[in-house]
Each structure stands twice: as structure tokens, then as C-alpha cells.
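Here is the structure we will look at, set down as C-alpha cells.
Naming: A, B, ... by sequence-line order, numbering from 1 per chain. Nothing here was measured: the structure is a model prediction, and the numbers come from that model.
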Protein chains: 2
Amino acid sequence: MATHKRQAFTDQEQELAQVAKALGHPARVAIVRLLAQRRACVCGELVLELPLSQSTVSQHLKELKAAGLVQGDVDGPRVCYCLSPTGWARARHLLGALLAELPAPPEAHCAC
Amino acid sequence: MATHKRQAFTDQEQELAQVAKALGHPARVAIVRLLAQRRACVCGELVLELPLSQSTVSQHLKELKAAGLVQGDVDGPRVCYCLSPTGWARARHLLGALLAELPAPPEAHCAC
DNA sequence: CTTGTTTATCGTCGATTTACGATTGCAAAG
DNA sequence: CTTTGCAATCGTAAATCGACGATAAACAAG
């Protein structure tokens with residue numbers, strides 16, 4: 001990511017950024033939704049549902065897996081992708097923590 | 001982003017991806033937290049709190065503003081940055097909608 | 001009008017991302 | 001063992017990101 005100064009940020013900030021980045025592409029959001037609805041499970045099914053090539057879908061799955069949001073279990077010649085319960089628990093926690101820090105909607109403005 | 005096929009995804013998916021992408025960098029998460037805590041408001045203060053140059057902070061602010069999460073009100077020679085209530089309401093809604101679609105933690109696994 | 005302060009933009013660089021086709025790898029089936 | 005089918009990886013090209021210094025722009029004060 002071009003000379004990041006990672007050491008300067010909190011672990012939580014980096015983790016949250018990692019999760020957010022993984023969701024920072026429409027295709028990956030769509031994949032997560034497909035997996036959530038159980039409408040698709042193996043890579044080939046996802047390819048059929050998405051306007052992307054097999055290799056591209058595979059790459060997106062790899063990124064989601066790297067972020068811990070998805071896990072892939074080998075099932076014979078194919079791979080069954082599922083949402084990772086622990087990964088999403090972590091994501092919920094991180095997102096919730098950030099949202100909890102925000103001021104309530106009516107007064108987000110600063111004093112300036 | 002190299003030849004995106006944006007038209008193939010839902011507006012919600014694209015909007016969520018945009019918000020997530022904006023939070024997909026530790027520096028931007030840190031900026032949001034600083035603004036939330038009201039510890040800093042104008043660009044110069046943020047620069048002091050972060051290990052980044054002024055131009056880099058300005059760019060991150062620009063991206064957060066483009067995602068609708070932050071708004072900047074001109075205040076004389078400086079600019080007062082605040083979290084955007086409507087932007088965060090939207091973000092909450094989009095994130096909440098996605099999380100609501102996910103199966104409950106214990107059974108995120110697919111049937112395979 | 002000039003000066004000083006603050007922020008935005010420009011230009012650049014290297015690293016990363018996104019996408020694809022082509023190839024390789026792997027497991028079940030014949 | 002060979003074939004078949006699915007998934008992962010490789011290689012590549014174009015676009016974007018992240019960072020910085022340098023410069024421009026905007027505004028208040030003098």
C-alpha cells in the first residue's frame with residue numbers, strides 16, 4: 001500500500017481498516033450477500049451469479065479469506081465457501097466500537 | 001480500479017462499498033475517531049495528531065468527504081471538519097442492512 | 001495592497017488493485 | 001493411469017492508491 005506507516009495506528013484501527021477494505025468493493029459485498037443467502041456456495045456458482053470471470057471471483061474470495069470474513073472448506077474437487085462466524089463476530093465488534101464512538105446523529109457537529 | 005463493471009451491482013452494494021472503502025485505511029479510521037472525540041477539528045490539528053504530512057491528511061479528508069462521511073465548513077482561513085450526521089446515518093443503515101442479512105453467528109456455515 | 005496563515009491542488013513515484021486469459025494443480029471418475 | 005471438471009495461480013496491462021514536496025488558492029489582519 002505504498003509506504004504505509006502502519007506502526008502509527010492502533011491495532012483496532014488497522015483491523016477495522018482491513019475489514020472495511022475487504023468490503024470496499026461492490027463485487028465482494030455481493031459475494032458476501034450471496035454467501036449469506038446461501039444462494040451460492042462454491043466458486044463456480046458465484047461465477048454464474050456475477051458478471052466476472054472465474055479467476056477474478058477467485059481473487060476476491062482470496063481477499064475476503066485474508067480478511068477473515070470467509071472460509072473455504074475443501075469438498076472433493078470443489079471448495080465450499082462460507083462466512084466465517086468468528087470473522088464476522090470480530091467485524092461486528094470493530095464496527096460497533098467505532099459507531100459507538102460517534103456522537104449521536106443530531107449533534108455530530110464540532111464546536112467551531 | 002481497472003475496468004470496473006459497476007453497472008452489474010446493486011446501488012446499495014456500491015454505496016456500501018464506497019463507505020467501506022473510505023474506512024479501508026487506518027489513517028482515515030483514525031481521522032474519524034479524532035473527529036468523533038472532537039479532539040481535533042481543523043486540518044492543521046489533525047496533522048499534529050497524525051504521523052502524516054499536511055497534503056496527505058488533506059487527501060484523506062477529501063476521500064472521506066467524497067464518501068459523505070465528513071463535511072468541511074469554511075471558517076475564515078481554516079476549515080472546520082465535522083462528521084456528517086446524514087452520512088453516518090446512511091452508513092449505519094447500510095452496514096446494519098448487511099449485518100442483518102448474515103446468518104446468526106452459530107450457524108454461518110453452508111449446507112455443503 | 002501586502003503579509004501571514006491555513007488548506008487545496010499539482011506532479012511525481014513506487015506499490016497495490018482489478019481484471020482477464022492461460023496455465024497449473026487436484027481430486028473424483030472412468 | 002488417464003481423463004474430466006473445478007479451483008487456484010501466474011502473467012500481464014491499465015487504473016488507482018498512498019505518500020510526499022512544492023506550489024497555488026483563500027482569507028483575515030495589518
Side-chain angles (χ1 to χ4, degrees), chain A residues 1-9 13-14 17-18 20-31 34-35 40-67 70-82 110 112, chain B residues 1-9 13-14 17-18 20-31 34-35 40-67 70-82 110 112:
Chain A
M1 238 157 273
T3 338
H4 259 173
K5 299 187 177 177
R6 302 173 203 267
Q7 71 288 355
F9 302 105
E13 287 168 348
Q14 293 189 47
Q18 188 187 19
K21 191 175 188 177
L23 294 177
H25 194 289
R28 291 195 285 268
V29 175
I31 288 175
L34 288 170
L35 293 179
C41 180
V42 297
C43 179
E45 293 172 345
L46 293 167
V47 172
L48 294 178
E49 300 272 359
L50 297 169
L52 299 170
S53 75
Q54 181 264 321
S55 58
T56 303
V57 171
S58 186
Q59 290 227 19
H60 284 307
L61 284 169
K62 187 179 179 181
E63 291 182 52
L64 286 169
K65 203 158 57 174
V70 151
Q71 62 193 62
D73 303 326
V74 179
D75 172 35
R78 75 206 75 212
V79 176
C80 170
Y81 284 100
C82 319
C110 61
C112 304
Chain B
M1 242 150 268
T3 337
H4 260 173
K5 298 187 175 176
R6 303 173 201 267
Q7 69 290 352
F9 302 105
E13 288 168 348
Q14 294 189 43
Q18 188 187 20
K21 191 175 186 176
L23 295 177
H25 193 289
R28 290 194 287 268
V29 174
I31 288 175
L34 287 171
L35 293 179
C41 181
V42 296
C43 178
E45 292 172 344
L46 293 169
V47 173
L48 294 178
E49 300 272 358
L50 298 168
L52 299 170
S53 75
Q54 182 263 322
S55 58
T56 303
V57 171
S58 185
Q59 290 233 22
H60 284 307
L61 284 169
K62 187 180 180 181
E63 291 181 54
L64 286 169
K65 200 157 60 175
V70 149
Q71 63 193 61
D73 303 324
V74 179
D75 172 35
R78 74 206 76 212
V79 177
C80 170
Y81 284 100
C82 320
C110 65
C112 301

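- When the nucleotides D:dA7, C:dT9, C:dT18 are ranked by their closest atom to the side chain of A:Gln59, C:dT18 comes out on top.
- Rounded to the nearest 0.5 Å, atoms CG (B:Leu64) and CD (B:Gln59) are 12.0 Å apart.
- Of the side-chain N and O atoms in A:Ser53, one or more sit less than 4.0 angstrom from OP1 or OP2 of C:dC20.
- When each of C:dA8, D:dA28, C:dT18 is scored by its nearest atom to the side-chain atoms of B:Cys43, the top-ranked nucleotide is C:dA8.
- Side chain of B:Ser55, nearest nucleotide from D:dC20, D:dT9, D:dC6: D:dC20.
- Ring geometry, B:His60 versus B:His25: the interplanar angle falls from 30° to 60°, so the pair is classed tilted.
- Between the side chain of A:Gln54 and the base of D:dA8 there is at least one donor-acceptor pair of N/O atoms closer than 3.5 Å.
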### Task
Determine, stepwise, if the pair A:Val79 / A:Leu61 fulfils side-chain contact (heavy atoms from CB on, under 4.5 Å).
CA-CA 11 Å; A:Val79 176; A:Leu61 284 169; over 6 Å; no

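- Regarding B:Leu50, its CG atom lies at a distance of 14 Å from the C1' atom of D:dG18, rounded to whole Å.
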### A:Leu50 and A:Leu34: CA distance, side-chain angles, deciding distance, side-chain contact (heavy atoms from CB on, under 4.5 Å) verdict
CA-CA 10 Å; A:Leu50 297 169; A:Leu34 288 170; 4.2 Å; yes

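- OP1 or OP2 of C:dC20 has at least one side-chain nitrogen or oxygen of A:Thr56 nearer than 4.0 Å.
- Rounding to whole angstrom units, CD1 of residue A:Ile31 and P of D:dA7 are separated by 13 Å.
- For C:dA28, the OP1/OP2 oxygens have no side-chain nitrogen or oxygen of A:Arg78 closer than 4.0 Å.
- At the heavy-atom level, A:Glu63 lies under 4.0 Å from the strands shown only through sugar-phosphate atoms.
- With contacts defined as side-chain heavy-atom distances shorter than 4.5 Å, the pair A:Gln54/A:Ser58 qualifies.
- Within the structure, every side-chain polar atom (N or O) of A:His60 is placed at least 4.0 Å from both OP1 and OP2 of C:dT17.
- As rounded to whole Å, 13 Å separates atom P of C:dT18 from atom CG of A:Leu61.
- One atom, NZ of B:Lys62, and another, C1' of D:dC17, lie 13 Å apart when rounded to the nearest Å.
- The side chain of A:Ser58 approaches D:dT9 more closely than any other nucleotide in the set C:dT17, D:dT9, C:dT9.
- Computed from coordinates, the B:Phe9 CZ to C:dT18 P distance equals 11 Å when rounded to whole Å.
- Distance from the side chain of A:His25 is smallest for C:dT18 among the nucleotides D:dA8, D:dA7, C:dT18.
- The distance between atom CG of B:Asp75 and atom C1' of D:dA26, rounded to the nearest whole Å, is 13 Å.
- Per the geometry, CD belonging to B:Glu45 stands 12 Å off C1' belonging to C:dT6, to the nearest Å.
- Note: CG (A:Leu52) to C1' (C:dC20) measures 10 Å, nearest angstrom.
- Among C:dT7, D:dA8, D:dC20, the nucleotide with an atom closest to any side-chain atom of A:Tyr81 is D:dA8.
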